[in-house]
Peer 1: 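Pasting a structure below so you can have a look.
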Amino acid sequence: MNDSRRKLHGTWASRWTFVMAATGSAVGLGNIWKFPYITGENGGGAFVLVYLGCILLVGVPVMMAEVMLGRKGRMSPINAMKSITRDAGLHGAWNSIGWLGVIAGLMILSYYAVIAGWALNYIIEMGSGTLHGADGPEASALFADLLASPKKLIFWQTIFMLLTMGVVIGGVTKGLGVAVRVLMPLLFVLLVILLVFSAREGDFYQGWTFLFSFRSENLTWGGVLEAMGHAFFTLSLGMGAIMAYGAYMPEHAPIGKTVVTVAFLDTVVALLAGLAIFPIVFANPSVSANAGPGLLFETLPVVFGNMPGGLFFGTLFFLLVTVAAWSSSISLIEPAVAWLIETGRCNRITANLLLGLIAWIVGLGTVLSFNVWEDHRLFGFNFFESMDFLTARVMLPLTGLFIAIFVAWLMKPAEVFSAIGDDPPVLLTLWLRVLRYLSPVAVAVILVIGLYKTFF
Ligand code: TRP
């Protein structure tokens, strides 16, 4: 049975391909766009420390559970959960883990493609010299123009969706596997080039201090919650992406060791992205490092536009953002594609076209929420913000919580241990304890406080 399942989708060429695919999924807009500015806002080193705690105590344990479930079920998250619950004699309601995940993935993809489209647009703006010598108001006007134009936004969103589907149509071994083996080294090379540029041309000392000095007075409870939510988003947890990737993993590869490697690489990239960005920002006294979400698309273009060699390195920077987003977006659609193939109703190409079209159409809502629909709000959220809120704040933690409870409380420990592979037994026992008591409580707390703070 397992053999025929593996043949349906194919498998990664090796454990390393899995590591690169999972790292590719993890490293994305979350690392390069979000992490640097939320760290700056929430107390620098103090925030980094809390975030690392969340990665270790919640992120890594839940990720191990996801990979284990995927590899045990050897199918898309929906069918993997079906076969595992059936075999274990558990209630069918647990299948919702798979369903919630697949739906969340398409919802995230719908807006992710729009934001990634901005990065594509900035490759061209940087490369063609539009931003040469631009000052703050000019760069902001350029960004505002982009957001005000549904046509431009849809154009770039479409290109990005085509890039994503192009890879996933190629299948696990030849599409996703080959893409990550090219994109991940490229991402690291670009990051290193930008770091060297930043260290030579930027104010490295000030950038470093901004990112790592311990300003515990700036760390609030809101910041702690943000750190937890971000740990989920950045590791791609709670939507089956990692479960689907686990389904293509070689049989006996140790899951614990592999997951720790992925979490480590993801964190390193987030920190290095911060170190590439802030010294460059501080090199230009006319801009502020506290621009929040506008840091990437308003602040950085001004800085790059006014530095020697800035246009070239600015182009590389937005290429880096695009590559990171691309290797993430393929993991957002793959679980649904795998499921549709398993239903026996379509092949990989049709599945991609159909699901890509759905994500594209839903994405139009995000496009319009920056212009025509800006004032259409529900509970104060526009369309884009509702999608982001529903997925990142509700569905991901909820699915993560279910996964922790399912694996640590409902599955038999012997079954869990036999599925997880060859890590040291002491560490695996520790893992299961953390997943039993610590992770679910932490996730439940984020979920409840997060929802409470939003609506009251
Ligand atoms: N981890 C990616 C980032 O940091 C985004 C992402 C890809 C994701 N796949 C996911 C987030 C699955 C949640 C779930 O940008």
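Each ligand, and each atom within it, is numbered from 1 in the order the structure gives.
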Peer 1: Looking at every heavy atom in both L428 and D423, which two are closest together, and how far apart are they?
Peer 2: CD1-O, 3.7 Å

Peer 1: Who pairs with N347 by side-chain hydrogen bond (donor to acceptor under 3.5 Å, both in side chains), at least two apart in sequence or on another chain?
Peer 2: T350

Peer 1: When the ring planes of W339 and W99 are compared, do they come out parallel, tilted or perpendicular, using 30° and 60° as the limits?
Peer 2: perpendicular

Peer 1: Is the NZ or CZ atom of R215 positioned over F210's six-membered ring, under 6.0 angstrom from the centre and within 45° of the axis?
Peer 2: yes

Peer 1: Mind checking whether S329 and W326 have side chains closer than 4.5 Å, heavy atoms only?
Peer 2: yes

Peer 1: For ligand 1, what is the set of protein residues having any non-hydrogen atom at a distance below 4.0 Å?
Peer 2: S25, A26, G28, L29, G30, N31, I108, Y112, F233, T234, S236, L237, M239, S328, S331, L332, L396

Peer 1: How close do A351 and C346 get, counting heavy atoms only, and between which atoms?
Peer 2: N-CB, 4.1 Å

